[in-house]
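Presented below is the structure to which this report refers.
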Amino acid sequence: MTNNSVNTPTKNDLTLYRQQFNKIILLSYMALDIAAFAESKGSNNLIERLDLTCGAIPAGDFEDVIDPSAPDQFLELYTHVAEFRFAFSVTELLRINTGFIDALNHYCYDKGKSLAQAKLTSVNEAFDYMNAFVLDGIPSDRTREIIEQTEEKIVWKKLNDTHEEFWTKAGCTVDVYYQLQAYFVNGLFEASEIKFLNDKNETFTICF
């Protein structure tokens with residue numbers, strides 16, 4: 001007899017899936033905010049063009065959007081959609097005027113700040129907190145390698161870049177993404193003495 005049952009995700013799997021879904025929705029909402037701002041500055045029908053060019057993410061909770069029979073496939077698809085929507089909306093705003101990069105920096109910092117925890121007390125806690133909000137591939141991807149870890153700092157390098165293809169497709173350099181990421185993460189750490197540093201998009205540090 002053929003077994004047609006679906007493998008039931010473990011509790012740990014579901015936690016990772018939900019966290020991934022929340023990161024997808026956050027980045028997608030940020031893309032919409034930026035697209036709305038760009039429309040107010042003259043980028044015609046950008047929100048509509050986001051859906052047509054990048055794809056859309058259905059509205060709803062995790063249980064309503066993610067098919068339990070294939071969560072990895074759906075999360076990978078929507079991760080790519082969210083990444084492209086963010087890159088596309090930022091790029092279209094900068095096409096109007098590159099000076100809007102300052103507004104983008106402030107927006108990303110403030111968005112991170114709105115999600116900041118009262119106070120992060122260790123670099124390990126800060127690293128985990130960053131990972132709860134920053135979309136970087138899917139859970140099965142190995143995108144980072146920690147190369148130094150002490151009580152004062154964590155340093156890692158990228159093993160593969162999960163963002164660049166979307167920024168290239170949008171017509172912009174991925175350097176813009178990493179700049180905005182730094183503002184967002186430092187906003188997350190605003191209530192703490194911890195800082196996030198990016199060294200030429202090659203190594204990244206969380207430190208006191």
Side-chain angles (χ1 to χ4, degrees), residues 19-59 65 73-115 130-144 156-188 196 198-202 204:
Q19 185 181 78
Q20 181 76 5
F21 181 74
N22 290 339
K23 291 190 282 189
I24 289 167
I25 297 304
L26 173 61
L27 193 64
S28 184
Y29 277 137
M30 291 174 70
L32 275 177
D33 282 347
I34 293 165
F37 179 73
E39 282 193 353
S40 75
K41 299 301 179 182
S43 185
N44 294 329
N45 303 315
L46 180 54
I47 293 175
E48 181 180 346
R49 288 189 286 125
L50 271 182
D51 291 344
L52 293 173
T53 304
C54 310
I57 298 169
V65 176
Q73 291 91 326
F74 276 84
L75 287 168
E76 182 174 23
L77 169 64
Y78 294 139
T79 294
H80 293 172
V81 170
E83 287 268 14
F84 192 21
R85 287 172 70 89
F86 185 70
F88 192 79
S89 62
V90 168
T91 302
E92 291 301 299
L93 177 60
L94 294 177
R95 287 190 201 282
I96 300 171
N97 188 327
T98 56
F100 282 129
I101 190 63
D102 291 334
L104 287 165
N105 291 338
H106 286 298
Y107 168 77
C108 289
Y109 185 88
D110 288 343
K111 178 60 71 173
K113 183 178 176 181
S114 73
L115 300 167
M130 177 194 72
N131 285 333
F133 294 100
V134 174
L135 193 61
D136 190 12
I138 59 174
S140 59
D141 288 335
R142 185 166 178 258
T143 63
R144 308 175 185 134
W156 68 93
K157 66 179 181 179
K158 294 285 290 184
L159 295 178
N160 61 79
D161 196 313
T162 59
H163 314 289
E164 187 170 16
E165 66 173 292
F166 305 105
W167 288 83
T168 300
K169 194 188 302 186
C172 190
T173 172
V174 74
D175 291 346
V176 173
Y177 169 79
Y178 284 110
Q179 178 176 325
L180 299 179
Q181 181 195 67
Y183 275 93
F184 175 78
V185 175
N186 279 309
L188 284 176
F196 171 80
N198 174 345
D199 185 8
K200 301 177 182 177
N201 305 340
E202 296 174 358
F204 304 82

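All residue numbers in this chain count up from 1 along the given sequence. Just so we're clear, the structure is a prediction, and the values are computed from it rather than from any experiment.
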Which pair of heavy atoms, one from [X] and one from [Y], lies closest together, and at what distance?
X	Y	result
Cys172	Thr91	CB-OG1, 3.1 Å
Leu46	Ala38	CD2-CB, 3.5 Å
Asp33	Lys111	OD2-NZ, 4.0 Å
Glu83	Thr162	OE2-O, 4.1 Å
Gly171	Arg95	CA-NH2, 4.2 Å

So among Leu135, Val134, Leu115, which one has a side chain to side chain contact (heavy atoms under 4.5 Å, CB included) with Leu26? Leu115
Which of Asn201, Asp175, Val174 passes side chain to side chain contact (heavy atoms under 4.5 Å, CB included) with Glu164? Answer is Val174
Side chain to side chain donor-acceptor pair (under 3.5 Å) filter on Asn22, not counting sequence neighbours, yields none
Pairwise side-chain contact, Ile101 with Val90, heavy-atom cut-off 4.5 Å (strictly under): no
Between Phe86 and His163, is any pair of side-chain heavy atoms under 4.5 Å apart? no
Take Phe100 and Phe37 through the test ring pair (Phe, Tyr, Trp, His ring centres under 6.0 Å) and record every step on the way to the result. CA-CA 10 Å; Phe100 282 129; Phe37 179 73; 5.5 Å; yes
So with a 6.0 Å cut-off around OH of Tyr29, is the heavy-atom count from everything else above 12? no
Can you check whether [Y]'s main-chain N or O pairs, donor with acceptor, with [X]'s side chain at less than 3.5 Å?
X	Y	result
Thr53	Leu50	no
Glu39	Ile47	yes
Ser28	Ile24	no

When rounded to the nearest 0.5 angstrom, what distance separates CG in Asp161 from CZ in Phe166? 10.0 Å
On the six-membered ring of Phe84, is Lys169 placed so that its NZ or CZ lies under 6.0 angstrom from the centre and within 45° of the ring axis? yes
Looking at Lys23, Gln181, Lys158, which one forms a side-chain hydrogen bond (donor to acceptor under 3.5 Å, both in side chains) with Asp136? Lys158
Check the orientation of Phe204 and Tyr178. Use parallel for under 30°, tilted for 30 to 60°, and perpendicular for over 60°. tilted
Over 60° means perpendicular and under 30° means parallel, so tell me whether Tyr183 and Tyr109 are parallel, tilted or perpendicular. perpendicular
